[in-house]
Asker: 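Sharing a structure below in structure tokens format, with a few things to ask.
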Amino acid sequence: MADVPRLRFAPSPTGMFHVGGGRTALYNWLYARKHNGQFVLRIEDTDESRNEDQWTDLIFESMKWLGLNWDELHTQSENAQKHADAGRKLFANGNAYYCGCTQDEVRARTADNAKPGYDNHCRNLGLEPGDGRALRFRVPEGQTHVTDLIRGNPVFDNSNIEDFVIVRSTGVPVYLLANVVDDMDQRISHVVRAEEHLNNTPKQMMLWKALGGGDVPVYAHLPLIVNEKRQKISKRRDKVSMQMFRDEGFLPEAMCNYLALLGWSPSDDREIIDLDTMCQEFDFSDVNKAGAFFDLKKLTHINGEYIRKLSNDEFVTRAMPFLERAKGKQFDAALFDEQTFRRMAPLVQERVERLDEVAEMVFFFFVDLPDIDEAALLATKPEQAIPVLESVARGLANCDWNHAALHESVAHTGEGLGLALRKAQAPVRLAVTGRKVGPPLFESMEVLGRDAVLKRIERLVGILHHAS
RNA sequence: GGUCCCAUCGUCUAGCGGCCUAGGACAUCGGCCUUUCACGCCGGUAACACGGGUUCAAAUCCCGUUGGGACUGCCA
């Protein structure tokens, strides 16, 4: 058997796929790819009460979106028989025993104990399997040394570990056991997961040994991704669903890049690096130990960088779904025209940090008359704006129709009124785009055409007259 | 409470005993560029949690304190 590393990512389909899972998947993937190893995706679907197919599908979708392909796919449930067999084996060879205590009984007996946990009440009773009896692992004396590529090698004194349940009284094995059996079965060599599992590790190592699994895996416990309160991010509290980021117009390559940076950094001062470069440079010895705050601002910035790096064509392609989504909302579906968008795209590309901002930036091309931003309208003084608009309109009526000529015309008109171009263009922009900021005005006017522009100017003059 | 983990600018980090008057990035604040907004460029503010050691020399090693976190389910 070749000794290529085999890593696995083992998410449970019990809720949305979040950034923590994404980072864990990424690090597993990176290490496997770097060392020509294999990357196993295993769906931990044995929590019947919570798992649903939709969540499993979401895991697949999210992994594909991120570009993290897997070599093997397994489900925990497919190994149910082996999990049960492992429980029987542990009982048969004396490494586990049946316990008839209910959870309430244990709690009542141990409430005042200095050392928490199960009190070994049934440890030497020699109970046979039976109704209401759970199988507990007989924790041996000694110490358990964990080999962790990130945290040195933590040592756990077994005396601090209770005889934990490995098979419920219902006969269903618990995660701790199932997970180990699957890792053995799938010949996993490196277990890379979040730090929250560190305390489980000695238990799993003991199970591994008791089951005769041979060499235990090497571990790597990743720093937690935390919220602003420095607590582990949770699906419930924090807005960290991968799907949400996708829907908001984050690019998967930007997401991967940012996720990689949460606990790791390449050798020099670079930050924007592609997956191939990450693969070459990645190593667990460079992964940080302290928790990392998920900073939306930095993610957003990196996303902007990736958007600007796109070719124009690629940008248009990626933005199209977001424009489709805006049809009937920000603009009229019937008036949308891809060629118009294509002409403006280069100007828009460097002005957005998320793809979902694109529609708002070009909506005024695809409506008959844009709605006028209220705050901007309120800030516009009719007595100043009306003369500008009327003069500009006269100049525009028969000048050449290209952005250079339009620029010159508006600038000239402004000069005549003693206004700098920055002042003169403001009401024109409001008339044409309905906003006070947006893509370059004269290029927009060129694309929009003379009739539309004049119509919009005339319309704003009307509104301003009415307001004054 | 118990076990384990962690600790450099607000944030992500570089640093693995001398190159550190602590570097980069995000954010923030100035300025330049400019038809708005961005982009780009230039510059500023801003950190080694604290206390002991070890050493000629410590952000870097050791111990302690403080602080934070995870786990502590017959969930995964």
Side-chain angles (χ1 to χ4, degrees), chain A residues 10-14 44-47 49-51 76 99 101-103 106 112-117 132-136 146 148 150-152 154-157 159-162 164-176 178-179 194-202 221 223-224 226 228-232 258 261-272 285 288-302 304 308 347-353 361 403 406-407 410-411 414 420-426 428-430 433 435-443:
Chain A
S12 54
T14 53
E44 309 250 303
D45 58 351
T46 48
D47 183 351
S49 62
R50 290 198 297 168
N51 96 73
Q76 193 170 62
C99 167
C101 306
T102 66
Q103 295 177 72
V106 173
D112 300 324
N113 288 181
K115 188 170 289 187
R133 289 179 181 170
L135 187 64
R136 286 183 183 274
V146 177
D148 191 300
I150 296 175
R151 283 159 211 284
V155 179
F156 293 82
D157 204 323
S159 64
N160 289 318
I161 301 173
E162 64 177 318
F164 53 95
V165 170
I166 53 178
V167 180
R168 300 177 180 86
S169 53
T170 58
V172 179
V174 303
Y175 152 81
L176 241 21
N179 197 256
E195 191 198 314
E196 60 196 284
H197 292 286
L198 189 49
N199 282 308
N200 285 155
T201 306
H221 286 96
L224 259 17
V226 301
E228 62 288 334
K229 288 157 78 177
R230 301 249 120 215
Q231 292 167 324
K232 180 175 76 163
Y258 179 66
L261 260 21
L262 242 29
W264 175 81
S265 65
S267 53
D268 50 30
D269 283 337
R270 284 170 305 164
E271 281 198 328
I272 307 297
S285 63
N288 274 316
K289 301 183 186 76
F293 172 66
F294 187 83
D295 187 356
L296 182 60
K297 287 208 176 110
K298 183 142 187 176
L299 200 214
T300 304
H301 173 265
I302 288 177
R308 275 173 258 132
L347 266 14
V348 174
Q349 190 173 351
E350 63 179 14
R351 287 175 167 74
V352 295
E353 289 184 304
M361 196 143 287
H403 64 89
L406 294 167
H407 183 165
V410 174
L421 182 52
R422 55 168 55 246
K423 290 286 187 189
Q425 62 92 39
V428 182
R429 173 180 296 280
L430 188 62
T433 72
R435 302 288 181 270
K436 58 182 178 187
V437 300
L441 181 58
F442 307 117
E443 285 81 350

Asker: NA contact type, A:Glu443, heavy-atom cut-off 4.0 Å: base, sugar-phosphate, or nothing?
Answerer: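 The answer is base, as A:Glu443 lies within the cut-off (heavy atoms under 4.0 Å) of a base atom.
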
Asker: Do A:Ile150 and A:His221 come within less than 4.5 Å of each other through their side chains, counting heavy atoms only?
Answerer: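 Of all side-chain heavy-atom pairs linking A:His221 with A:Ile150, none is under 4.5 Å.
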
Asker: When you measure from the side chain of A:Val174, which nucleotide among B:A76, B:U35, B:A70 comes out closest?
Answerer: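 Comparing B:A76, B:U35, B:A70 against the side chain of A:Val174, the answer is B:A76.
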
Asker: Contact class for A:Pro223 vs. all strands (heavy atom < 4.0 Å): base, sugar-phosphate, or nothing?
Answerer: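 If one applies the 4.0 Å heavy-atom cut-off, A:Pro223 turns out to touch nothing in the nucleic acid.
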
Asker: Which of the following nucleotides, B:U35, B:U11, B:U3, is nearest to the side chain of A:Pro440?
Answerer: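 My answer, after comparing the listed nucleotides, is B:U35.
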
Asker: With a cut-off of less than 4.0 Å, is there a side-chain N or O of A:Arg422 near OP1 or OP2 of B:U35?
Answerer: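 Answer no for this pair, as no side-chain N or O of A:Arg422 is under 4.0 Å from OP1 or OP2.
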
Asker: Taking the P atom in each of B:G44 and B:C26, what is the distance between them to the nearest angstrom?
Answerer: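 Nearest-Å result for B:G44 against B:C26 at atom P: 15 Å.
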
Asker: If you assign A:Glu353 and A:Gly132 each to the RNA chain B nucleotide with the nearest heavy atom, which residue ends up on the more 5' nucleotide?
Answerer: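 It is A:Glu353 whose nearest nucleotide is closer to the 5' end.
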
Asker: Of the listed nucleotides (B:U35, B:A27, B:C37), which one gets closest to any side-chain atom of A:Phe442?
Answerer: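 My answer, after comparing the listed nucleotides, is B:U35.
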
Asker: Starting the side chain at C-beta, find the nucleotide from B:C12, B:U35, B:C74 nearest to A:Val165.
Answerer: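 Within the option list, the nearest is B:C74.
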
Asker: Can you tell which of B:A76, B:C4, B:C26 lies closest to the side chain of A:Leu198?
Answerer: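 In terms of side-chain proximity for A:Leu198, the closest of B:A76, B:C4, B:C26 is B:C4.
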
Asker: Tell me, do A:Ser169 and A:Gln103 make a side-chain contact under 4.5 Å, heavy atoms counted?
Answerer: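 Heavy-atom side-chain distance check fails, nothing below 4.5 Å.
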
Asker: Taking the same atom, P, in B:U21 and in B:C48, what whole-Å distance lies between them?
Answerer: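 One P to the other, the span is 15 Å.
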
Asker: Roughly, in whole Å, what's the span from CG in A:Asp269 to P in B:C26?
Answerer: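 Taking CG of A:Asp269 and P of B:C26, I get 12 Å after rounding.
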
Asker: Just call it for A:Arg308: base, sugar-phosphate, or nothing, with non-hydrogen atoms closer than 4.0 Å on any strand.
Answerer: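 The residue A:Arg308 makes sugar-phosphate contact but no base contact.
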
Asker: Can you tell which of B:C74, B:U36, B:C12 lies closest to the side chain of A:Glu271?
Answerer: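 Nearest to the side chain of A:Glu271 among the choices is B:C12.
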
Asker: So A:Lys298 and A:Glu271, side-chain contact (heavy atoms from CB on, under 4.5 Å) or not? Walk me through it.
Answerer: CA-CA 11 Å; A:Lys298 183 142 187 176; A:Glu271 281 198 328; 2.9 Å; yes

Asker: What is the distance, rounded to the nearest whole Å, between atom CG of A:Asn199 and atom C1' of B:G2?
Answerer: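 Answer to the nearest Å: 11 Å.
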
Asker: Counting any heavy atom closer than 4.0 Å, what does A:Ser169 reach on the DNA or RNA strands: base, sugar-phosphate only, or nothing?
Answerer: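 Base contact - A:Ser169 has a heavy atom under 4.0 Å of at least one base atom.
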
Asker: Regarding A:Glu228, tell me which of base, sugar-phosphate or nothing describes its non-hydrogen contacts under 4.0 Å with the strands shown.
Answerer: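 Result for A:Glu228 = nothing.
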
Asker: Applying a 4.0 Å non-hydrogen cut-off, can you work out what A:His197 is touching in the nucleic acid: base, sugar-phosphate, or nothing?
Answerer: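 If one applies the 4.0 Å heavy-atom cut-off, A:His197 turns out to touch a base.
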
Asker: Passes side-chain contact (heavy atoms from CB on, under 4.5 Å), A:Leu421 versus A:His407? Steps please.
Answerer: CA-CA 9 Å; A:Leu421 182 52; A:His407 183 165; 3.2 Å; yes

Asker: Pick the P atom in B:C6 and in B:A46, then give their distance to the nearest Å.
Answerer: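 Comparing P positions in B:C6 and B:A46 gives a spacing of 31 Å.
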
Asker: Are OP1 or OP2 of B:A14 and a side-chain N or O of A:Ser265 less than 4.0 angstrom apart?
Answerer: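 Answer yes for this pair, as a side-chain N or O of A:Ser265 is under 4.0 Å from OP1 or OP2.
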
Asker: Just to be sure I understand the rule, does A:Leu441 reach a base, reach only the sugar-phosphate, or reach nothing, if contact means heavy atoms closer than 4.0 Å?
Answerer: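 Base, at least one base atom sits under 4.0 Å.
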
Asker: Is there a side-chain contact between A:Gln231 and A:Val226 (heavy atoms, below 4.5 Å)?
Answerer: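 No, every pair of side-chain atoms sits at 4.5 Å or beyond.
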
Asker: When you measure from the side-chain N and O atoms of A:Arg168 to the phosphate of B:A76, is any distance below 4.0 Å, counting only OP1 and OP2?
Answerer: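 Yes, A:Arg168 has a side-chain N/O under 4.0 Å of OP1/OP2 on B:A76.
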
Asker: Counting the atoms with a prime plus P, OP1 and OP2 as sugar-phosphate, which does A:Asn288 contact under 4.0 Å by heavy atoms, base, sugar-phosphate, or nothing?
Answerer: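 Result for A:Asn288 = sugar-phosphate.
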
Asker: Could you label the plane-to-plane angle of the A:Tyr175 and A:His197 rings as parallel, tilted or perpendicular, counting under 30° as parallel and over 60° as perpendicular?
Answerer: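 Rings of A:Tyr175 and A:His197: tilted, 30 to 60°.
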
Asker: Counting heavy atoms from C-beta on, name the nucleotide in B:U13, B:G69, B:C74 closest to the side chain of A:Ala292.
Answerer: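 Closest nucleotide to the A:Ala292 side chain: B:U13.
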
Asker: With side-chain contact (heavy atoms from CB on, under 4.5 Å) as the test, would you mind laying out the steps for A:Lys115 and A:Ser159 before giving the verdict?
Answerer: CA-CA 10 Å; A:Lys115 188 170 289 187; A:Ser159 64; 4.2 Å; yes

Asker: Between the side chains of A:Thr300 and A:Glu353, does any donor sit under 3.5 Å from an acceptor?
Answerer: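 There is no such pair (donor and acceptor under 3.5 Å, judged by atom type) between the side chains of A:Thr300 and A:Glu353.
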
Asker: Regarding A:Phe156, tell me which of base, sugar-phosphate or nothing describes its non-hydrogen contacts under 4.0 Å with the strands shown.
Answerer: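 Sugar-phosphate, backbone atoms only, no base.
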
Asker: With P as the reference atom in both, quote the distance from B:C71 to B:G53 in angstrom, rounded to an integer.
Answerer: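 Nearest-Å result for B:C71 against B:G53 at atom P: 38 Å.
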
Asker: Counting any heavy atom closer than 4.0 Å, what does A:Lys115 reach on the DNA or RNA strands: base, sugar-phosphate only, or nothing?
Answerer: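 Counting heavy atoms under 4.0 Å across all strands, no contact is made by A:Lys115.
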
Asker: Which nucleotide wins on minimum distance to the side chain of A:Lys289, given the candidates B:A76, B:U35, B:C6?
Answerer: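 Side chain of A:Lys289 sits closest to B:C6.
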
Asker: Hey, which sits more toward the 5' end of RNA chain B by its nearest nucleotide, A:Val352 or A:Gln425?
Answerer: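 It is A:Gln425 whose nearest nucleotide is closer to the 5' end.
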
Asker: Counting distance alone, no hydrogens or angles: does the base of B:U36 have a donor or acceptor under 3.5 Å from a partner atom on the side chain of A:Arg351?
Answerer: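 For A:Arg351, whose side chain was compared with the base of B:U36, there is a donor-acceptor pair (under 3.5 Å).
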
Asker: Please determine if a side-chain N or O atom of A:Arg151 lies less than 4.0 Å away from the OP1 or OP2 oxygen of B:C4.
Answerer: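 No, no such contact exists.
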
Asker: Name the nucleic acid region contacted by A:Glu196, choosing base, sugar-phosphate or nothing; use a 4.0 angstrom heavy-atom cut-off, strictly under.
Answerer: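 It contacts sugar-phosphate atoms only.
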
Asker: For A:Lys297 and B:A27, give me the distance from atom NZ to atom P, rounded to whole Å.
Answerer: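 Checked: the NZ to P distance equals 8 Å.
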
Asker: Specify the separation, in whole Å, of atom CG of A:Leu224 and atom C1' of B:C4.
Answerer: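 It is 13 Å, rounded to the nearest whole Å.
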
Asker: Have a look at A:Ala134 and say if it touches a base, only the backbone sugar-phosphate, or nothing, with a 4.0 Å heavy-atom cut-off.
Answerer: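 Base contact - A:Ala134 has a heavy atom under 4.0 Å of at least one base atom.
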
Asker: Send over the distance from A:Asn160 CG to B:G1 P, rounded to a whole Å.
Answerer: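 The answer, rounded to whole Å, is 16 Å.
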
Asker: On a plain distance test, is the side chain of A:Lys298 in donor-acceptor contact with the base of B:A27 below 3.5 Å?
Answerer: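 By the distance-only test, no, there is no pair.
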
Asker: Can you find a side chain N or O atom of A:Gln103 that sits less than 4.0 Å from OP1 or OP2 on B:C74?
Answerer: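 Looking at the OP1 and OP2 atoms of B:C74, one of them is under 4.0 Å from a side-chain N or O of A:Gln103.
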
Asker: Determine the Euclidean distance between corresponding C1' atoms of B:G69 and B:C61; express it in Å to zero decimal places.
Answerer: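 Roughly 25 Å separates the two C1' atoms.
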
Asker: Counting only side-chain heavy atoms from C-beta out, which of B:C4, B:G24, B:U35 sits nearest to A:Leu421?
Answerer: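 Ranking B:C4, B:G24, B:U35 by closest atom to the A:Leu421 side chain puts B:U35 first.
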
Asker: What interatomic distance, in whole Å, is found between P of B:C63 and the corresponding atom of B:A7?
Answerer: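 My reading of the P atoms in B:A7 and B:C63 gives 14 Å.
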
Asker: Would you mind classifying the nucleic acid contact of A:Pro116 as base, sugar-phosphate or nothing, using non-hydrogen atoms under 4.0 angstrom?
Answerer: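 Counting heavy atoms under 4.0 Å across all strands, the contact made by A:Pro116 includes a base.
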
Asker: Base, sugar-phosphate or nothing for A:Phe293? Non-hydrogen atoms, less than 4.0 Å.
Answerer: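 Sugar-phosphate contact only - A:Phe293 comes under 4.0 Å of backbone atoms but never of a base.
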
